[in-house]
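Here the structure comes first, spelled out in structure tokens, and everything after it is commentary.
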Amino acid sequence: MKEPVIKARGVHKRYHALEVLKGIDLDVAAGEVVVMMGPSGSGKSTFLRCLNHLEKIDQGRIEINGHLIGYRELPGGRLAEQPDRVVARSRSQIGMVFQRFNLFGHMTVIENVMEAPVQVRGLARAVARERAQALLKQVGLADKASAYPARLSGGQQQRVAIARALAMDPKVMLFDEPTSALDPELVGEVLDTMKSLARSGMTMVCVTHEVGFAREVADRAVLMDDGVIVEEAHPDRFFGSPQHPRTKQFLSKIL
Amino acid sequence: MIVPAYFDFDFFWSVLWPPWHSPFLAAAVLVLVMTVVAQTTGVLLGFPLALGRTSRNRLVRLPVDFYLWLFRGTPLLLQILFWYDGLSELTGNPKYLYPITRNALVAGTLALALNEAAYMTEIIRAGLQAIDPGQFDAARALGMRQRQVMLRIVIPQALRIIVPPTFNEYINMSKNTSLLSVIAVAELLDTAQAYFAVNFRYFEALSLAAVYYLAITSLLTAIQRRIEARFGERRDIPMPAMLPFWRRAIGLAGPMR
């Protein structure tokens with residue numbers, strides 16, 4: 001079997017006495033779309049943030065494309081945290097979309113999309129602008145290039161955020177509840193963008209409670225509860241005939 | 001000597017007009033120069049101090065906390081006397097300290113700047129901490145390094161919060177320069193003293209100084225308004241955290257609208 005794009009092994013995360021991740025194992029193959037669900041506080045967002053080292057981990061290891069994220073292995077097997085420069089380079093290959101969009105408020109839409117290619121990759125501004133324009137067209141916002149984020153609806157802002165992440169040609173896209181902060185009528189446009197991204201072969205890990213999205217494009221659905229993965233299965237089976245009582249209980253609340 | 005109870009308008013007017021013959025104009029120019037130099041130095045020192053204050057490293061944070069404790073915990077007047085008089089006594093006044101200990105203007109401006117740096121640190125820190133942590137997350141997730149995150153994303157947005165109260169500090173500084181009269185810097189209050197020490201026309205001499213102070217603060221307030229208007233043009237930028245600062249800046253420096 002091909003080496004998975006994401007390979008997480010025994011990931012533990014503690015905040016002081018509280019253990020939020022209690023040993024997570026997860027493999028995601030190239031082109032696979034994984035949906036993570038679970039009650040709030042189950043650790044799914046924290047796990048997502050560990051995947052690009054926005055959070056440190058206390059135990060275990062995470063590899064993206066065969067490379068450790070955030071750490072390097074010392075002789076003897078212990079892990080040491082990498083310096084900012086190295087972590088930043090790793091992160092530049094992992095796209096992330098946040099619940100609250102987090103667009104840069106002092107930049108126009110197109111500047112938001114150009115920022116990382118220019119600053120991180122050293123791309124010429126003219127080239128970056130052209131590419132950003134193409135990405136904005138892809139998410140249906142070519143006409144908003146020179147607007148400031150505050151002028152956009154939540155759905156439009158989130159689509160810009162997706163374009164901004166894609167501008168770095170990421171190997172993986174992480175979505176942290178991308179539609180939870182949106183008015184109901186704006187959810188569809190963001191999900192449509194995510195669906196077409198999934199169909200284009202992007203490897204995706206999505207923390208979301210959008211069942212329709214999961215059924216339509218996900219290859220696998222995962223239920224997290226209390227810091228562990230309780231069940232993972234193909235969406236048909238996950239939603240159709242869940243095995244674990246906690247999955248049944250969770251689905252009964254959201255379906 | 002009997003001081004007659006009337007306003008000596010002839011004296012007042014002869015010193016006020018024409019201004020280019022008045023020692024008060026030279027003093028006012030000196031006040032403006034000291035204000036710009038001391039306050040700008042305070043702002044420039046405030047940035048590294050604010051970053052140090054928000055550092056996670058205790059070894060960086062502790063010296064900054066000590067600095068703030070020291071400079072905010074003692075009166076400015078005491079600090080001015082310390083740099084001009086205290087320092088020379090403490091060190092035996094070696095030659096290399098002459099630029100400070102034998103130059104009241106330098107010692108006084110230094111005292112104002114170092115004191116102001118402590119206050120600017122808190123203003124800048126508040127501005128940096130008002131930035132949504134999500135902005136850090138997004139920038140870091142894109143692969144930006146810590147320095148890029150600060151310079152490209154955080155500081156530009158924090159500046160919109162920092163600038164209004166900073167301008168207020170310029171206005172306050174212009175008035176605090178009057179404290180340098182105690183070490184005989186020829187600023188406005190010292191100039192007034194030079195008059196009333198001779199002719200006992202306290203009210204007239206102090207009024208002359210007041211006229212010039214009002215001119216200076218009015219000038220600075222006008223500049224502040226212009227900058228404020230320029231910020232106001234870009235209303236499409238959401239800055240909820242900025243509102244209270246604006247109010248305070250305008251409330252202190254000019255009439256409320």
Side-chain angles (χ1 to χ4, degrees), chain A residues 45 48-49 51-55 70 83-109 111-122 146-152 157 160-161 164-170 172-174 176 181, chain B residues 47 51-52 54-60 124 126-164 166 227-228 230-246:
Chain A
S45 286
L48 209 63
R49 292 169 62 85
L51 290 178
N52 64 355
H53 200 60
L54 284 181
E55 303 282 349
D84 177 48
R85 174 176 48 87
V86 179
V87 178
R89 200 184 305 139
S90 304
R91 286 194 188 115
S92 71
Q93 313 188 11
I94 307 167
M96 189 164 193
V97 174
F98 301 87
Q99 182 176 358
R100 296 190 54 249
F101 332 131
N102 298 347
L103 293 181
F104 305 133
H106 60 308
M107 298 180 180
T108 62
V109 162
E111 285 167 353
N112 264 275
V113 182
M114 291 165 61
E115 180 66 9
V118 171
Q119 296 298 327
V120 177
R121 290 274 155 77
S146 55
Y148 279 91
R151 288 265 190 249
L152 269 50
Q157 288 190 53
V160 173
R164 179 175 69 175
L166 290 175
M168 292 298 278
D169 290 319
V172 190
M173 284 284 282
L174 311 175
D176 187 7
Chain B
F47 271 96
L51 292 175
T54 50
S55 169
R56 265 168 295 179
N57 187 342
R58 268 169 58 97
L59 288 175
V60 177
I124 294 167
L128 293 175
Q129 289 184 341
I131 301 302
D132 178 3
Q135 296 285 306
F136 289 83
D137 282 348
R140 288 160 74 204
L142 285 165
M144 296 178 81
R145 294 177 58 179
Q146 200 54 40
R147 205 174 55 88
Q148 294 174 315
V149 175
M150 293 309 291
L151 290 179
R152 298 283 311 169
I153 306 301
V154 177
I155 290 178
Q157 297 187 74
L159 275 183
R160 302 181 163 277
I161 303 165
I162 292 167
V163 163
T166 297
I227 289 177
E228 176 198 325
R230 276 184 57 151
F231 271 102
E233 276 168 25
R234 293 173 74 172
R235 284 185 200 286
D236 32 11
I237 299 161
M239 286 165 290
M242 205 164 97
L243 264 173
F245 280 107
W246 273 124

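Proteins get letters first, then strands, A, B, ... in listed order; numbering begins at 1 in each.
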Give, as side chain, backbone, both or neither, the part of [X] having an atom under 4.5 angstrom from any heavy atom of chain B.
| X | result |
| --- | --- |
| A:L174 | neither |
| A:I94 | backbone |
| A:E115 | side chain |
| A:R85 | both |

Which pair of heavy atoms, one from [X] and one from [Y], lies closest together, and at what distance?
| X | Y | result |
| --- | --- | --- |
| A:F98 | B:A138 | CE1-CA, 3.6 Å |
| B:L142 | A:M168 | O-CE, 3.5 Å |
| B:Q157 | A:G105 | OE1-N, 3.7 Å |

With a 4.5 angstrom heavy-atom cut-off, is it the side chain or the backbone of B:Q135 that approaches chain A, or both, or neither?
both
Here the gap from B:R147 atom CZ to A:Q119 atom CD, rounded to the nearest 0.5 Å, amounts to 9.5 Å
Working to the nearest 0.5 Å, report the span between CZ of A:R49 and CG of B:D137.
4.0 Å
Walk me through it: do A:N52 and B:R140 pass the test side-chain contact (heavy atoms from CB on, under 4.5 Å)?
CA-CA 9 Å; A:N52 64 355; B:R140 288 160 74 204; over 6 Å; no
Test log, rule side-chain contact (heavy atoms from CB on, under 4.5 Å), inputs A:H106 and B:L159
CA-CA 11 Å; A:H106 60 308; B:L159 275 183; over 6 Å; no
Sidechain-backbone polar pair: A:N102 side chain, B:G134 backbone, donor-acceptor under 3.5 Å
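Yes; at least one donor-acceptor contact below 3.5 Å.
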